[in-house]
Protein chains: 2
Amino acid sequence: MDSTKKHLLIVDDQREIRESLKAYLVRHDYRITLADSTEAARAALKTAAIDLVILDIMMPGEDGLSLCRELRAQGSMPIILLTAMAEDTDRIIGLEMGSDDYITKPFNPRELLARIRAVLRRAGTLPARNEQPKTSCLHFDKWVLDSARRELIGPDQVSIALSTGEFLLLSAFLQRPGMVLSRDQLLDITRGRDAIAFDRSVDNQISRLRKKIERDPKNPELIKTHWGGGYSFTARVSEK
Amino acid sequence: MDSTKKHLLIVDDQREIRESLKAYLVRHDYRITLADSTEAARAALKTAAIDLVILDIMMPGEDGLSLCRELRAQGSMPIILLTAMAEDTDRIIGLEMGSDDYITKPFNPRELLARIRAVLRRAGTLPARNEQPKTSCLHFDKWVLDSARRELIGPDQVSIALSTGEFLLLSAFLQRPGMVLSRDQLLDITRGRDAIAFDRSVDNQISRLRKKIERDPKNPELIKTHWGGGYSFTARVSEK
DNA sequence: GTCGGTGTGATACAATTTGTTACATTTTTA
DNA sequence: TAAAAATGTAACAAATTGTATCACACCGAC
């Protein structure tokens, strides 16, 4: 799937809210994960790379605020957008500045969407946020693949534009250096589980990618063909 | 570290508030010093060059307001932003308040940030974008943009009226000639970090601006579109 | 109220990316 | 060596995605 999609975690104890929010935001092209409690949220945060948390402060059991504080305390990265009933707003009185914004319920979806965008944009342009995925930059040969910027920088410091598919394909290789990947596997990776396409489409993608990164596309050195098996990436890869 | 970072002093008796405020503002690239009382604040003001004081008016012991008055009386420079519970707000009003602005608790982090920026900017301490024009006239092609008068003069010496938004947009381009600016960046620049708007609005602004400055708006020569990336200004720009 | 400026949705359009076919080429196998 | 199987890639078609701009609604200033 498209890895540029922002991944939101919605934490709310009311099923209806979760579901309708999800439905709405999915239509607007976000990846959504749901959690009905702070514990579920914690679990989700561990297993997935969440970009933004939409967190209800009023929940039975453990309260949203404490999770918010906790995340901040441990210097976690995701952006936090609190939601609260207007009446409960005073509870933020200790002013929970751990969040990046808050919005009072009931809110209209459009405003929420706008807030999400604003807050993500702000974070995106902010150089200061000390996160940066450890795996943001992958080096091979004299190339650098900057996953964050979706950009490939060549030996001569020239940046090469990659299409989404090419980017995903190359990433797949770099994350599994030396491993032989079948066409089916590559299809899964680049086009998602239930992609409908024939093998030759992978061949083509490979061909296109080779044209961009191989010194001599006719005699590929980086992406090797395994006859009857698939392809593998041969250069040494290092994270940085 | 970065000496251009603004240095804020947070004065509040509640530890939680101090800490969460600090956490939040640090993330937004400010240097922070904390004080839990007016005495501590006075000490901090002596030893560090504080740009702005965020001062709680309601504190046990000596009150924030008196410190505020005192600072003003001695003609001290730091800008002061008062914080107060909504109920205590009357105390400020009517009072000859030496502060530059105030905000009532509980406040939205976004709003506080906006106030801080506004107040710093107003005080002229903000170095404004990439060095604001010492020279207020920017030339490109046969055009002149007079920043001081917010006026655009065309090749035929006719002056073209620009709306505020159009002016900011054009300025943004002229200050970064050749640079590709994404819609998000342009939103930041022309509408501020916290703008709530969608990409289409940038498109429209561009479209409107093109109609005013391009010879043939259908085949723009000055403002170039970078597919999937944003826009850039291509003409050579000179200050004069 | 009117007015200018701006944000939004719809629609039309343009560019890019990807899937497919077709055919050349390479590799394997008999 | 010839036939069969698998791969490479050009070229086109289809799908996807990004952009331009219109019309209209809204908002704040007057």
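These numbers come from the heavy atoms of this one structure, side chains and all, not from hydrogens, waters or symmetry mates. The sequence lines fix the lettering, A, B, ..., with proteins before strands; numbering per chain opens at 1.
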Exercise. Please report the closest heavy-atom contact between A:L168 and A:I189, naming both atoms and the distance.
Key: O-CG2, 4.4 Å
Quiz item: Looking only at heavy atoms, what is the nearest atom pair of A:T234 and A:K224, with distance?
Solution: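 It is CG2-CB, 3.7 Å.
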Quiz item: Any sub-3.5 Å donor-acceptor pair from B:E221's side-chain atoms to B:E214's backbone N or O?
Solution: no
Quiz prompt | Side chain A:T33, main chain A:H7, donor-acceptor under 3.5 Å | solution =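 No, A:T33 side chain to A:H7 backbone: no donor-acceptor pair under 3.5 Å.
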Quiz item: For B:S163 and C:dG5, is the shortest distance between a side-chain N/O and OP1 or OP2 below 4.0 Å?
Solution: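 Looking at the OP1 and OP2 atoms of C:dG5, neither is under 4.0 Å from any side-chain N or O of B:S163.
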Once rounded to the nearest 0.5 Å, what's the spacing between atom [atom1] of [X] and atom [atom2] of [Y]?
X      : Y      : atom1 : atom2 : value
A:K142 : A:D156 : NZ    : CG    : 10.5 Å
B:N204 : B:D199 : CG    : CG    : 11.5 Å
A:L112 : A:L21  : CG    : CG    : 6.0 Å

Exercise. Using the closest heavy atom to pick a nucleotide of DNA chain C for each, name whichever of A:E166 or B:E166 lands nearer the 5' end.
Key: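 The residue whose closest nucleotide sits nearer the 5' end is B:E166.
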Quiz item: Are B:F173 and B:F140 close enough, and set up right, to give a ring pair (Phe, Tyr, Trp, His ring centres under 6.0 Å), and what steps lead you there?
Solution: CA-CA 11 Å; B:F173 279 126; B:F140 64 96; over 10 Å; no
Exercise. Take the C1' atoms of the five end pairs on each side of the helix from C:dG1-D:dC30 to C:dA30-D:dT1, get both axes, and report the angle to 10 degrees.
Key: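 The helix from C:dG1-D:dC30 to C:dA30-D:dT1 shows an end-to-end axis angle of 30°.
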Length of the line joining [X]:[atom1] and [N]:[atom2], which is rounded to integer Å:
X      : N      : atom1 : atom2 : value
A:N219 : C:dT26 : CG    : C1'   : 12 Å
A:F167 : D:dT17 : CZ    : P     : 16 Å
A:L168 : C:dT18 : CG    : C1'   : 13 Å
B:L169 : C:dG5  : CG    : P     : 15 Å
B:L162 : C:dT6  : CG    : P     : 10 Å
A:Q205 : D:dT9  : CD    : C1'   : 13 Å

Quiz item: Pick one: which of A:I160, A:I153, A:L138 meets side-chain contact (heavy atoms from CB on, under 4.5 Å) with A:W143?
Solution: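 The side-chain contact (heavy atoms from CB on, under 4.5 Å) with A:W143 is passed solely by A:I160 among A:I160, A:I153, A:L138.
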Quiz item: Going 5' to 3' along nucleotides 19-24 of chain D, which nucleotides have protein heavy atoms under 4.0 Å from the base (write B), which only from the sugar-phosphate (write S), and which from neither (write -)?
Solution: BBBB--
